[in-house]
Amino acid sequence: PPPLVPPHPTPRMSAIAASPAAAFAAGKLSSRRANGNAKVQLSAKRVVPCAAGASRGRAGAVGVSAELKKGLSGEVKKVVLAYSGGLDTSIILKWLQDTYGCEVITFTADLGQGEELEPARAKAEKMGVKQIFIDDLREEFVRDYVFPMFRANALYEGTYLLGTSIARPLIAKRQIEIAREVGADAVCHGATGKGNDQVRFELGYYGLKPDVKVIAPWREWDLNSRTSLIEYAEKSGIPIAASKRQDQPYSTDANLLHISYEGNALEDPWVEYSEDMFTRTVSPENAPDKATYIEIEFEKGDPVAIDGVRMSPATMLTALNKYGGENGIGRLDLVESRFVGMKSRGVYETPGGAVLIVARRAAESICLDRGESHFKDELMPKYSELIYNGFWFSPEREMMQAAIDKCSANVNGTVRMKLYKGNAIVVGRKSPTSLYKAKLSTFEDDGGAYDQKDAAGFIKLNALRLRTLASTRGPPA
């Protein structure tokens with residue numbers, strides 16, 4: 001398959017990342033607002049009408065019954081479908097038309113998954129969709145979701161970097177925005193009734209539009225096997241690739257932060273994964289014998305430059321993916337606790353994220369006070385759980401984010417990383433606001449900066465309660 005990350009940033013890429021104005025002039029970026037405070041995106045949304053002259057019924061889509069129908073979610077006039085263009089969401093599109101007789105608007109998000117998205121537009125057009133949204137959300141995804149999450153050093157159950165979880169609130173937000181824009185009364189996702197994603201999507205929908213109708217086909221239809229899905233697609237004239245007619249070895253989810261592999265061949269947690277599965281990383285055994293050194297610069301807790309070259313958030317994560325992937329960093333095989341109650345085995349590749357989280361903690365180690373750092377570490381498990389379970393838009397996550405961002409405002413400096421055969425190793429760190437003072441920490445003469453006699457009183461005061469306990473109750477058994 002084609003590589004999922006672009007090559008090492010070139011001077012031109014760096015110039016674009018460092019200068020939005022130059023990027024606008026070069027036609028590489030667009031903005032929602034024509035002023036200096038505009039949010040920069042890699043490209044504007046594209047809304048594509050269906051071919052001129054196509055016939056439509058009252059419901060507004062080619063081949064749709066002229067009369068609205070009622071499914072389990074009631075009567076629906078217009079629905080925004082999260083659409084990848086793959087077989088499953090193409091089947092869902094047709095099923096919505098057949099079951100609800102409604103107009104379907106498709107929304108395809110480019111989150112850096114590394115797939116060509118134009119085929120999704122062509123498939124939707126062929127199925128009679130009159131409004132097609134294909135949005136490049138890579139910059140927003142990294143800037144407003146991935147980086148805030150990394151400021152918390154978030155790890156679910158101590159290991160998972162939340163690559164799937166963090167993408168769902170952005171997709172949900174954009175679906176609701178489109179629903180408001182086109183006057184849709186419903187939204188639809190393709191998550192199954194067993195997984196976490198149904199919860200994540202729907203908590204996002206309801207948190208942003210409480211009265212929205214949500215259609216979850218996997219909880220409504222009777223297409224409960226690969227055979228029945230194929231039969232429905234054949235009957236509906238949906239093209240089926242030869243590879244889709246057989247059970248897939250695993251299912252995948254990808255974005256700029258990670259790619260995941262789950263199901264089928266991976267369902268036995270005792271069986272080792274197949275090496276040919278991976279697309280973003282080489283194995284540690286096949287990584288270069290010579291270490292790669294990079295210097296990552298941080299401002300207010302976020303990475304802004306590699307080796308002195310400033311980059312936009314999405315370009316930064318892309319570059320870190322390349323460095324990590326080439327050195328066999330970022331693979332993870334875990335069994336996680338799903339929010340819906342079951343255990344699930346997943347294998348992940350998160351090369352850039354695995355490098356970033358180690359570098360961030362190194363920057364924090366010299367920039368944060370002990371109290372700040374330890375309190376952040378106490379917040380992290382709860383923060384991670386909220387994201388994993390789908391509560392990105394909850395007030396408690398926003399409260400924690402405010403504290404985390406306040407703390408991260410002091411994380412500035414540079415971390416030097418050594419990348420070698422699956423390992424991301426910190427070998428240097430510096431900061432203009434470092435709390436590390438060599439004169440205080442030295443084992444040599446500190447010139448009176450610290451009076452060691454003061455430690456005696458400090459120890460006695462902290463030992464007071466232990467001495468009281470021991471004298472009253474006796475020493476612990």
Side-chain angles (χ1 to χ4, degrees), residues 29-33 38-52 54 56 59-64 76-97 100 102-145 167-191 197 200-202 204-205 208-209 212-217 238 253-256 314:
L29 303 174
S30 65
S31 168
R32 295 184 189 274
R33 303 186 304 279
K39 291 184 178 179
V40 174
Q41 293 184 310
L42 291 174
S43 70
K45 71 176 184 179
R46 289 166 287 169
V47 184
V48 186
C50 71
R56 301 188 183 94
V62 176
V64 177
V76 172
K77 296 179 181 179
K78 202 181 277 191
V79 60
V80 179
L81 167 66
Y83 182 67
S84 70
L87 179 60
D88 286 1
T89 53
S90 293
I91 290 172
I92 288 173
L93 197 167
K94 178 59 177 171
W95 177 86
L96 287 169
Q97 294 171 337
Y100 286 91
C102 60
E103 179 181 356
V104 181
I105 294 92
T106 61
F107 160 57
T108 305
D110 182 357
L111 298 177
Q113 56 266 46
E115 298 174 351
E116 174 56 51
L117 301 182
E118 283 306 304
R121 178 185 63 81
K123 289 180 181 179
E125 282 185 336
K126 188 174 181 180
M127 298 180 73
V129 177
K130 71 175 183 177
Q131 285 185 289
I132 300 168
F133 289 75
I134 301 178
D135 289 10
D136 189 337
L137 302 177
R138 287 175 290 177
E139 287 293 350
E140 183 179 0
F141 175 53
V142 181
R143 180 190 64 236
D144 296 343
Y145 294 82
R168 298 322 186 211
L170 175 56
I171 295 172
K173 179 178 81 76
R174 187 67 189 118
Q175 269 186 277
I176 294 299
E177 289 173 347
I178 293 170
R180 287 196 171 103
E181 183 177 335
V182 302
D185 51 341
V187 290
C188 178
H189 62 76
D197 278 344
R200 295 166 181 155
F201 281 125
E202 294 180 38
Y205 298 151
L208 297 169
K209 195 175 189 299
V212 72
K213 290 182 181 178
V214 177
I215 302 176
I238 299 171
D253 174 79
N255 56 53
L256 195 52

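Since we're looking at a predicted model, the values are computed, not measured. Along the sequence shown, residues carry numbers from 1.
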Ile178 vs Gln175 side-chain heavy atoms within contact, under 4.5 Å: no
Arg138 CZ to Leu170 CG distance, which is reported to the nearest 0.5 Å: 13.0 Å
Lys/Arg N to Asp/Glu carboxylate O, Arg121 vs Glu118, below 4.0 Å: yes
Leu111 side chain near Ile171 side chain, heavy-atom distance below 4.5 Å: yes
Nearest atoms (heavy-atom pairs only) where Val129 meets Gln131: CG1-O, 3.2 Å
Distance (rounded to the nearest 0.5 Å) between Gln113 CD and Asp253 CG: 8.5 Å
Heavy-atom closest contact (Phe201 atom, Ala191 atom, distance): CD1-CB, 4.4 Å
Taking every non-hydrogen atom, the tightest pair across Cys102 and Leu96: SG-O, 4.0 Å
Lys123 side, atom NZ; Tyr83 side, atom OH - distance, nearest 0.5 Å: 6.0 Å
Close side-chain approach of Phe133 and Glu177, heavy atoms under 4.5 Å: no
Polar side-chain atom of Glu103 near backbone of Lys78 as donor-acceptor pair, under 3.5 Å: no
Mutual orientation of the aromatic rings belonging to Trp95 and Tyr100 [parallel < 30°, tilted 30-60°, perpendicular > 60°]: perpendicular
Closest approach of Ile215 to Pro217 (non-hydrogen atoms, all atoms of both residues): O-CD, 3.5 Å
Min side-chain heavy-atom separation Val214-His189 under 4.5 Å: yes
From CD1 (Ile238) to CG (Asp88), nearest 0.5 Å: 10.0 Å
Contact summary for Gly85 and Ser90, nearest pair of heavy atoms: O-OG, 3.6 Å
pair Leu87-Ile91: side-chain heavy atoms closer than 4.5 Å: yes
Euclidean distance, Lys209 NZ relative to Ile176 CD1, rounded to 0.5 Å: 6.5 Å
Pairwise side-chain contact, Ile134 with Asp110, heavy-atom cut-off 4.5 Å (strictly under): no
Leu81 backbone acceptor or donor facing Thr106 side chain under 3.5 Å: no
Exam field: side chain Gln97 to backbone Val104, donor-acceptor pair closer than 3.5 Å: no
Between CZ on residue Arg174 and CG on residue Leu208, distance to nearest 0.5 Å: 12.5 Å
